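Encoded as structure tokens, the structure appears first; notes follow it.
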Number of protein chains: 2
Amino acid sequence: MTHARHTDVRETIGEDHPTCQLRDILDRVGDKWSVLVMNLLGSGPKRYSELQRSIEGISQRMLTLTLRSLERDGLVERTVTPTSPPRVDYALTPVGQTLSVQVSGLIAWAEQHREYVAASRLRYDAP
Amino acid sequence: MTHARHTDVRETIGEDHPTCQLRDILDRVGDKWSVLVMNLLGSGPKRYSELQRSIEGISQRMLTLTLRSLERDGLVERTVTPTSPPRVDYALTPVGQTLSVQVSGLIAWAEQHREYVAASRLRYDAP
DNA sequence: CAGAATCCAACCGGATACTG
DNA sequence: CAGTATCCGGTTGGATTCTG
């Protein structure tokens with residue numbers, strides 16, 4: 001399983017300090033593409049190829065890995081229509097939709113504060 | 001500047017497709033510790049050592065890099081009291097607080113759905 | 001069309017040692 | 001106390017090639 005390391009649950013390092021388990025879940029949002037995929041699926045089911053076209057710069061490999069990982073976590077459902085060529089649709093599960101609400105908030109924040117952050121960085125890097 | 005690569009703004013790859021700039025901002029939440037630090041600061045200013053004790057497993061290096069990066073983005077403010085030994089406090093800026101609201105939502109989600117996700121993974125990994 | 005497999009560079013972050 | 005500097009292994013993810 002090539003992508004084992006990608007989907008591997010990081011052990012909670014022995015102790016069950018809440019922080020560790022938190023990190024585990026937050027990694028879901030932390031990887032490079034999950035948030036973008038979830039956001040797109042938030043507006044309805046999409047085909048594999050639609051996702052690929054919509055997400056600027058994602059590789060086939062990463063799209064597949066990201067979708068598998070979301071599916072594994074019960075956030076995305078995969079539906080195969082065995083025509084030829086095959087058609088595969090991805091949709092959020094009910095729980096996935098509750099996460100996509102959070103994700104939308106995050107994206108909205110990012111859009112609203114993009115300029116502020118950019119300006120802050122410029123000032124910080126000036127000297 | 002050792003942590004240049006950590007704070008480097010990923011270029012928006014030429015075109016100004018919204019996705020690229022989005023990724024740039026989302027990386028703020030994507031790294032390993034920022035969300036945890038912001039969440040702690042959400043309940044009020046903290047000293048460097050308090051943060052380090054509160055965040056299970058963070059190294060000195062990563063705490064410093066994370067704080068610098070948040071400061072650079074205008075989300076956290078650093079205040080030095082030049083006593084001996086020195087005392088340094090970190091607090092969210094007004095904009096930082098608006099992000100911490102989103103972060104709280106994310107963390108709440110993670111806590112509410114931890115078991116669901118864990119169960120999904122078990123089922124997925126079974127065969 | 002929707003992937004799986006392999007290869008490999010870049011990067012992230014931990015451990016350690018040193019400082020004002 | 002609150003950092004900085006250096007070294008270095010593991011992981012992430014892009015490019016490419018092949019398939020049902």
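Note on naming: letters A, B, ... go to the chains in the order of the sequence lines (proteins, then strands), and numbering restarts at 1 for each one. Being a predicted model, the structure only gives us computed values, none of them experimental.
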Problem - N/O (side chain, B/Ser49) to phosphate O (OP1/OP2, D/dA2) under 4.0 Å - result: yes

Handout entry: Pair B/Arg121 + A/Asp24: basic N to acidic O under 4.0 Å
Key = yes

Exercise for the section: Indicate whether OP1 or OP2 belonging to D/dT4 is found under 4.0 Å from a side-chain N or O atom of B/Tyr48. Expected result: no

Practice task
Look at the side chain of B/Ser100 and the backbone N and O of B/Val103, then say whether any donor-acceptor pair between them is shorter than 3.5 Å.
Solution key: no

Practice task
Side-chain contact test, heavy atoms from C-beta onward, threshold under 4.5 Å: evaluate it for A/Ser34 versus A/Leu70 and give yes or no.
Solution key: yes

Problem - Proximity to the side chain of A/Arg61 - top-ranked nucleotide from D/dT4, C/dT6, C/dG14 - result: C/dT6

Practice task
Starting from C1' on C/dA10, measure out to CE on A/Met62 and report it in whole angstrom.
Solution key: 14 Å

Handout entry: DNA chain D: 5'-proximal contact among B/Tyr90 and A/Gly57 (nearest heavy atom)
Key = B/Tyr90

Exercise for the section: Side chain of B/Pro85 only, please: which of D/dA15, D/dT17, D/dC1 is the nearest? Expected result: D/dC1

Problem - Rounded distance in Å - NZ (A/Lys32) to P (C/dC12) - result: 10 Å

Problem - Atom-to-atom span, CG of A/Leu67 to P of C/dA2 - whole angstrom - result: 11 Å

Completion exercise
Atom CD of A/Gln60 and atom P of D/dC18 are separated, to the nearest Å, by 14 Å

Problem - Under 4.0 angstrom between A/Arg68 side-chain N/O and C/dG3 OP1 or OP2 - result: yes

Practice task
Measure from CD on A/Gln52 to P on C/dG3 and round the result to the nearest Å.
Solution key: 10 Å

Fill in the blank from the handout: Here the distance between atom P of D/dA15 and atom CG of A/Leu65, to the nearest Å, is 15 Å

Exercise for the section: Return yes when atom CD of A/Gln52 has more than 12 non-hydrogen atoms of other residues, nucleotides or ligands closer than 6.0 Å, and no otherwise. Expected result: yes

Problem - Rounded distance in Å - CG (A/Asp31) to P (C/dC11) - result: 18 Å

Exercise for the section: Go through C/dG20, C/dG14, C/dG3 for me and flag the one nearest to the B/Pro86 side chain. Expected result: C/dG20

Problem - Electrostatic pair A/Arg87-A/Asp89, nearest N-O below 4.0 angstrom - result: yes

Exercise for the section: Round to the nearest Å and state the distance from B/Ile58 atom CD1 to D/dG3 atom C1'. Expected result: 14 Å

Exercise for the section: Determine: side-chain N/O of B/Arg47 to OP1/OP2 of D/dA2, distance under 4.0 Å, yes or no. Expected result: yes

